[in-house]
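To keep things clear, I will list the structure first and then write my remarks on it.
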Amino acid sequence: MESQSKKNNSLPKIIGIAILVLVIAVVLVFFNRDKANESTEGTTENNETNETTDTTEATEDETDKEVSDLGSVEATDELTAQINEVLNYDFSNYKIVSEDAQKYTTTFNALDTVIQLIIYNDDPNIDVEQIFDETEVLIRGYESLISKTIEGSYTSQLNNNSEFDYSNFAYAEVVHQLYDKSAYYEELSDGAFDVTMEPVVRLWDINNGNTEVPAQDDIDATLALVGYENYTRDDAAQKYVLSNGATVDFGAIAKGHMADIVKGSLMSKGINSALVNLGGNVMTIGAKPGDKNWIIAIQDPMGNTGEQLGTLEVKNKSLVTSGNYERFFIKDGVRYHHILDPETGYPAVSGLSQTTIISERSIDCDALSTTTFILGQEDGMELIESLDGFDAMFVGEDGEYYFSNDFLNQYNYVDSETK
Ligand code: AMP
Ligand code: MG
């Protein structure tokens with residue numbers, strides 16, 4: 001009897017607890033959803049966040065499928081044409097889109113990051129959804145061409161075989177461009193920017209979540225393999241060659257290169273107003289409808305992902321940010337991040353926590369945001385001022401801001417209240 005009555009008494013209690021657990025679970029799911037959405041907002045169009053985040057979950061399943069379908073670079077005529085024809089596209093001619101243009105957005109994961117595209121279109125002959133699909137294929141095609149972790153890519157073939165025969169390679173022009181830019185910035189930075197840092201990058205493995213400081217012997221051994229003279233292009237033999245055990249990693253420049261290719265592709269299809277956000281690499285096409293500026297939020301280097309430091313305004317330019325908060329681990333109070341100094345083999349300690357570069361082409365912004373992060377405030381800003389058409393904003397580890405000469409006049413930087 002006693003046990004019977006106990007059972008009866010506890011039944012409503014159990015139901016009550018079950019309902020409570022269910023309510024907590026539902027609340028948690030929604031909370032996490034909001035959190036996940038926030039993390040995609042980092043450096044996007046400042047005032048349009050709701051629409052952009054809503055598309056994240058809807059597109060993920062489809063994109064997973066496409067990754068496995070593509071697998072390695074498939075040089076379809078269509079993709080080859082899309083990429084090759086726009087490599088040197090002239091970005092200067094764009095039309096102003098009318099105020100009543102329709103806004104389209106899409107978001108998906110690729111290049112190890114969240115990709116966001118915004119297009120404003122007022123031309124009834126343009127099918128924006130189809131352009132989104134083609135752009136996604138283009139981005140995945142580029143990724144499988146350049147990513148060192150994708151088997152069959154240019155980079156992994158070169159790294160595995162120490163040479164790459166480009167005589168019959170459909171994307172030879174793409175890898176020539178990457179090589180030329182990598183060589184240019186290596187020289188300009190006196191070796192601070194060096195794509196042959198790959199062995200050291202792999203040793204630290206920060207992008208894959210390693211949390212241990214490597215042994216000094218290992219750092220020395222991998223650093224000994226680094227040197228731009230070990231990465232050469234042999235025009236007579238139509239080959240790229242890696243010597244002395246060198247390997248390459250285009251992580252500091254590829255997203256910028258990709259952003260330029262996407263811009264050329266979109267413009268060649270008649271798009272005059274768009275924003276491409278490759279996770280911190282922002283490229284704008286033309287102006288917003290009615291010739292308005294794009295308003296871009298800058299990530300607060302001391303804040304959580306998605307927290308804004310401030311906003312700035314651009315038209316038809318790219319803006320790329322590097323920072324020590326993007327990929328890092330903390331050990332014994334020291335922050336070890338993903339931008340490595342070729343002089344030491346350790347994460348760069350330059351006194352900066354963030355660098356942002358604005359210019360016409362994203363490949364240059366990408367290379368220079370990484371480079372200036374390593375060089376530090378003084379040498380980094382001197383380099384930017386010595387170049388035509390570049391502007392920079394740096395944030396020190398102490399929270400101090402540094403702007404290149406024209407920056408404040410040109411981009412209307414406004415500190416954010418949420419900082
Ligand atoms: P970013 O986020 O554009 O500043 O580039 C950082 C990425 O570039 C790292 O995750 C590495 O893959 C790679 N990298 C690290 N240090 C260097 C360096 N000194 N020169 C060129 N690439 C580097
Ligand atoms: Mg970079």
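All ligand and atom numbering here is 1-based and tracks the order in the structure.
Heavy atoms of E326 found under 4.0 angstrom from ligand 1 belong exclusively to the side chain.
Note that R335 lies outside the cation-pi zone of F329, set by a 6.0 Å cut-off to the ring centre and a 45° limit from the axis. F164 does not carry K239 over the face of its six-membered ring by the limits of under 6.0 Å from the centre and within 45° of the normal.
Other residues, nucleotides and ligands contribute only 12 or fewer heavy atoms inside 6.0 Å of the CG atom of D77.
Note on ring orientation: taking the six-membered ring where Trp is involved, the planes of Y179 and Y231 are perpendicular (angle over 60°, cut-offs 30° and 60°).
Residue P342 approaches ligand 1 through these ligand atoms, each under 4.0 Å from one of its heavy atoms: 19 (N). Within ligand 1, the atoms closer than 4.0 Å to a non-hydrogen atom of A192 are 18 (C), 19 (N), 20 (N), numbered from 1 in the order shown. Atoms of ligand 1 found under 4.0 Å from any heavy atom of I374, numbered from 1 in the order shown, are 19 (N). Close contacts of ligand 1 with D366, meaning ligand atoms under 4.0 Å from a residue heavy atom, involve 3 (O). Taking a cut-off of under 4.0 Å to the non-hydrogen atoms of F193, the atoms of ligand 1 that pass are 20 (N).
For E99, the side chain to side chain contact (heavy atoms under 4.5 Å, CB included) partners two or more places apart in sequence, or in a different chain, are K292. Residues passing the salt bridge (charged side-chain N to carboxylate O under 4.0 Å, His left out) test with K317: none are found, sequence neighbours excluded.
Exactly one residue among V248, V195, T196, D194 makes a side chain to side chain contact (heavy atoms under 4.5 Å, CB included) with S182. That residue is V195.
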Please set out all donor-acceptor pairs under 3.5 angstrom arising from side-chain atoms of residues 373-382, sequence neighbours excluded.
none

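Listed by chain and residue number, the protein N/O/S atoms under 2.8 Å of the Mg ion (ligand 2) are A252 O, D366 O, D366 OD1, T370 OG1, with waters left out.
The nearest heavy-atom contact from the protein to atom 10 (O) of ligand 1 is N207 ND2, 3.1 Å. In this structure, the protein non-hydrogen atom closest to atom 14 (N) of ligand 1 is V201 CG2, 4.1 Å. When hydrogens are left out, the protein atom nearest atom 12 (O) of ligand 1 is D249 OD2, 3.0 Å; that is the closest non-hydrogen contact. At the shortest separation from atom 21 (C) of ligand 1 among protein heavy atoms lies D194 O, 3.3 Å. Nearest non-hydrogen protein atom to atom 1 (P) of ligand 1 is T370 OG1, 3.3 Å. Scanning the protein heavy atoms around atom 23 (C) of ligand 1, the nearest turns out to be A252 CB, 4.1 Å. In this structure, atom 2 (O) of ligand 1 lies nearest to the protein heavy atom H338 NE2, 3.2 Å.
For the pair G323 and ligand 1, no heavy-atom separation below 4.0 Å is found. The shortest heavy-atom distance from S369 to ligand 1 is not under 4.0 Å.
Ion pairing between a basic and an acidic side chain is recognised when a charged N comes within 4.0 Å of a carboxylate O; K148 and D249 show such pairing. Between R327 and D112 there is a salt bridge, since at least one side-chain N of the basic residue sits less than 4.0 Å from a carboxylate O of the acidic one.
With ring centers used as reference points, Y171 lies 6.0 Å or more from Y142.
In the model, D415 has a side-chain atom that pairs as donor or acceptor with a side-chain atom of Y413 under 3.5 Å. Using a 3.5 Å distance cut-off with no hydrogens or angles, the side chains of Y185 and D364 do pair a donor with an acceptor.
To the nearest 0.5 Å, the span separating CG on L223 from OH on Y346 amounts to 11.0 Å.
Where the criterion is an N or O separation shorter than 3.5 Å, residue side chain and backbone included, S322 meets it with respect to ligand 1.
The residue from T355, L340, T372, T113 that puts a heavy atom closest to atom 17 (C) of ligand 1 is L340.
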